[in-house]
There are 4 protein chains.
Amino acid sequence: MASKQEIRSEETKRAILTAAADLFATRGFDTVSIREIAKAAGCSHTTLYIYFKDKEALLHHLSKEPLQSLALQMEEILSKLGQTPEENLREISRQFIHFCLRNRTMYTLFFMIKATRIDVEEPEKELQTLRNQLFGLLRQAVRRCLPSDIEEEKALAQARIYFYTLHGIVGTYTHSEEPLDSLMERLAPTFALSIDVFLAGSQKIMNRE
Amino acid sequence: MASKQEIRSEETKRAILTAAADLFATRGFDTVSIREIAKAAGCSHTTLYIYFKDKEALLHHLSKEPLQSLALQMEEILSKLGQTPEENLREISRQFIHFCLRNRTMYTLFFMIKATRIDVEEPEKELQTLRNQLFGLLRQAVRRCLPSDIEEEKALAQARIYFYTLHGIVGTYTHSEEPLDSLMERLAPTFALSIDVFLAGSQKIMNRE
Amino acid sequence: MASKQEIRSEETKRAILTAAADLFATRGFDTVSIREIAKAAGCSHTTLYIYFKDKEALLHHLSKEPLQSLALQMEEILSKLGQTPEENLREISRQFIHFCLRNRTMYTLFFMIKATRIDVEEPEKELQTLRNQLFGLLRQAVRRCLPSDIEEEKALAQARIYFYTLHGIVGTYTHSEEPLDSLMERLAPTFALSIDVFLAGSQKIMNRE
Amino acid sequence: MASKQEIRSEETKRAILTAAADLFATRGFDTVSIREIAKAAGCSHTTLYIYFKDKEALLHHLSKEPLQSLALQMEEILSKLGQTPEENLREISRQFIHFCLRNRTMYTLFFMIKATRIDVEEPEKELQTLRNQLFGLLRQAVRRCLPSDIEEEKALAQARIYFYTLHGIVGTYTHSEEPLDSLMERLAPTFALSIDVFLAGSQKIMNRE
DNA sequence: GATGAATGAGTCTTCATTCAT
DNA sequence: CATGAATGAAGACTCATTCAT
């Protein structure tokens, strides 16, 4: 069905994406040149421009898919029945952290990139939307672990604190050279503990007031 | 004692450092060009090379002093009498966060730069040492808030969790364009709350076990 | 006779030529890329190479036809009976100017391109020949308006002067963005006047001597 | 007085300008690359950017001076006493043609460049002004040769026709490879004759009406 | 006959850095 | 001590063109 050409094309595109993901992840967006990506992908740098209008277009393409699948997974977890909200938050956190560490640059790009500029075009807007969606989901997960009668303001503060924890964890290891598996094995308990500490502290303080 | 020349020389050097600090802080290390620094410092770009071997050397030089003074301040706080360990940790956290947000680029450079590579020369080693020292102080401050009989391993985990919170806070706002003052006014309570949540959660969990 | 394939092929070729003529005329030879032409012609850019060796080959091909038809028209006018030589020259001038302004790029290419280099291949030679033919016709038209007994040298000088006028008119408006129709409406009288001035002046001077 | 450095700098700048003028003149603005200019000037292409912000800046710089001096010369001639208007126009024409052929690209650039766009910045405006000034001077010179009581409209038409002649002359030989001197020697009489034809014709027609 | 894939040469431009003064 | 001059390496990107299908 798919002609040889189409296959080859698909391969090249995939090679570029893989190479770019890899390089962006290890070295950051700005530092990596298009020629490097091309070389890593085993093609000429001009070929890159056939598939992606821009270095930035490449980035957007690269980020959209994983982020969407992450959002999907998160929604799934959120809608699981038979879990306490706390278990739910733990699972969602675990998964979020794992995702971010597996897609290191993505992380930098998704969460640290300068907040929405107004003059940005479509593709960037799309990303921004996805980002907001993800944050919304996390916030929801946190909200459920808090007493339902607290003020919205306070819930927001707790969500922020939770984000700090996530961001802190991910940020700490984003630039580490340790492979993902070894990292997770070594620190997964600590990450889990982080969430537990947050939950315990958060609930104690909410009740205290 | 200091000849006129020496004074002038010192002035130029200082001008360069000030300009560089300013520019790095507002626009980031990579984005700022050496010529810009020189222009801002009111001297030729070649002059820069008289005082600093490198753009990077400039950065190292730039970071040393503030970091040292930070360490000093932290030590001071740590050695304060008449404070509970918790009050102590709150104060030290406040100060650390403030410092990091005031020296945004510095922060990125000090804390996110790839952990000590072996092939690195002197100046970077020095930074690394400072960095370790700072982390040691923070760790101490956390340790004091925990029951004194817990295993070292567990204390370390709590210190890590505390770091995550700090790193998360700082990382979240490092790239924000909001001026420091407005930022602090708006979020200082949330930052404080973060520490409280950590403390409450940490202690609850330590006792539970 | 012509198979379906041949017809289709012919259509594609025509589409390319039309598109190219259009683009060259409105935007100039250098500015237009081969991919643009292909897109405008509704085919792949590689297809272009089937029909034309080169971007330049395309141009030559493109110029040949209109130039030939121009030559034809000019010959027709020249052979008209019942016109004074002056009326003849006026008509031929009008037509020449109109042609040149309708085919702006062509003009640049036909009349301003560096005179025959020796190392040039066939197609360019052909163009050169056409060009010479056209000039010959114009020269003839001028010659007829002059006293028949003047030296050849002097007639040549007058022909040159006439060319200058034509070239000047066309050159002045070749790069104008004004549409052909509006341009002609606005300036046709001036163009006609130019020829009249030339004729009047030329004859006065020829007689004076 | 001028330090060695300043001299060298001046030399380089001059070399660049000379090379650029040369290349632009022979090959046109768009076709010439900055690297070529640099190579011809015997310096690195980056050096070029020290002296000129842009390829276009280079062009503007290149054009300003000669155009100004041309304007000056023309004004001088215009204000000469003891000449008939006709002699005046002849002299001014001679000089204008000579200038344009000596500064071939300049010519293309000054007279054929797309008429004032509104969004253009300072330097281009300056050029535009100069250009207009030159045209004004020529127009004046023509005006004086015409009966003083004719309508402005008609005078303008004559000025246009005169421009066509000039433009035609210059345009015809701009791309010629013949050296200026030989060219002038060969054709100066024809050029002079062109003006005479224009004058004779123009006056005859003006009187006839 | 027609096409998508791929490329190398080339465009302008910026930057950190060195050298002679 | 300080500087202007000059450079090479590198950046993103475009284009005409060829090859295998």
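In this text, all values refer to a predicted model and were calculated from it rather than measured experimentally. Order of the sequence lines sets the chain letters (A, B, ...), proteins ahead of strands, with each chain counted from 1. All heavy atoms count here, side chains included; hydrogens, waters and symmetry mates do not.
- For the OP1/OP2 pair of E:dT3 and a distance below 4.0 Å, the side-chain nitrogens and oxygens of C:T47 include at least one atom meeting the criterion.
- Here the side chains of D:L58 and D:I37 are in contact, with some heavy-atom distance below 4.5 Å.
- E:dA6 atom C1' lies 14 Å from atom CD of A:E11, rounded to whole Å.
- Looking at heavy atoms from C-beta onward, C:Q68 lies in side-chain contact with C:L130 at the 4.5 angstrom threshold.
- At whole-Å resolution of the value, CD1 in D:I16 and C1' in F:dA5 are 11 Å apart.
- The CZ atom of D:R8 sits 10 Å away from the P atom of F:dA5 (whole-angstrom rounding).
- Going from atom CD of D:E6 over to atom C1' of F:dG4 covers 10 Å, rounded to whole Å.
- Atom CD1 in A:I50 sits roughly 15 Å away from atom P in F:dC13 (whole-Å rounding).
- At a threshold of 4.0 angstrom between heavy atoms, the contacts of A:F52 with the nucleic acid are absent.
- The environment of B:E65 atom CD is sparse: at most 12 non-hydrogen atoms of other residues, nucleotides or ligands sit within 6.0 angstrom.
- Between the CG atom of C:L48 and the P atom of E:dG1 there is a distance of 15 Å, given to the nearest Å.
- Of all the heavy atoms in A:T46 and A:S44, the pair that sits closest is OG1-OG, 2.7 Å.
- B:Y51 has its OH atom 8 Å from the C1' atom of F:dA2, to the nearest Å.
- For the pair A:T12 and E:dA6, the criterion of a side-chain N or O lying under 4.0 Å from OP1 or OP2 is met.
- Side chains of A:R35 and A:K39 form no contact here, defined as non-hydrogen atoms less than 4.5 Å apart.
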Any chance you could list the contact pattern along nucleotides 12-19 of chain E? Use B for base contacts, S for sugar-phosphate-only contacts and - for none, protein heavy atoms under 4.0 Å, 5' to 3'. BBBBBBBB

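- Summarising the geometry, atom OH belonging to C:Y49 is positioned 7.0 Å from atom CG belonging to C:D54; distances are rounded to the nearest 0.5 Å.
- When every heavy atom of C:L23 is checked against every heavy atom of C:V32, the shortest pair comes out as O-CG2, 3.6 Å.
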Side-chain donor/acceptor pairs under 3.5 Å, residues 8-17 of chain A, sequence neighbours excluded:
residue	atom	partner	partner atom	Å
A:S9	OG	A:Y51	OH	3.1
A:T12	OG1	A:R8	O	2.9

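- Straight-line distance from the CD atom of D:E10 to the P atom of F:dA5: 10 Å, rounded to whole Å.
- Smallest separation of non-hydrogen atoms from B:K55 and B:F29: NZ-O, 3.3 Å.
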Pairing of DNA chain F as dot-bracket, 5' to 3': ( ) intra-strand, [ ] crossing, | other strand, . unpaired, with Watson-Crick or G-U pairs under 3.5 Å? .||||||||||||||||||||

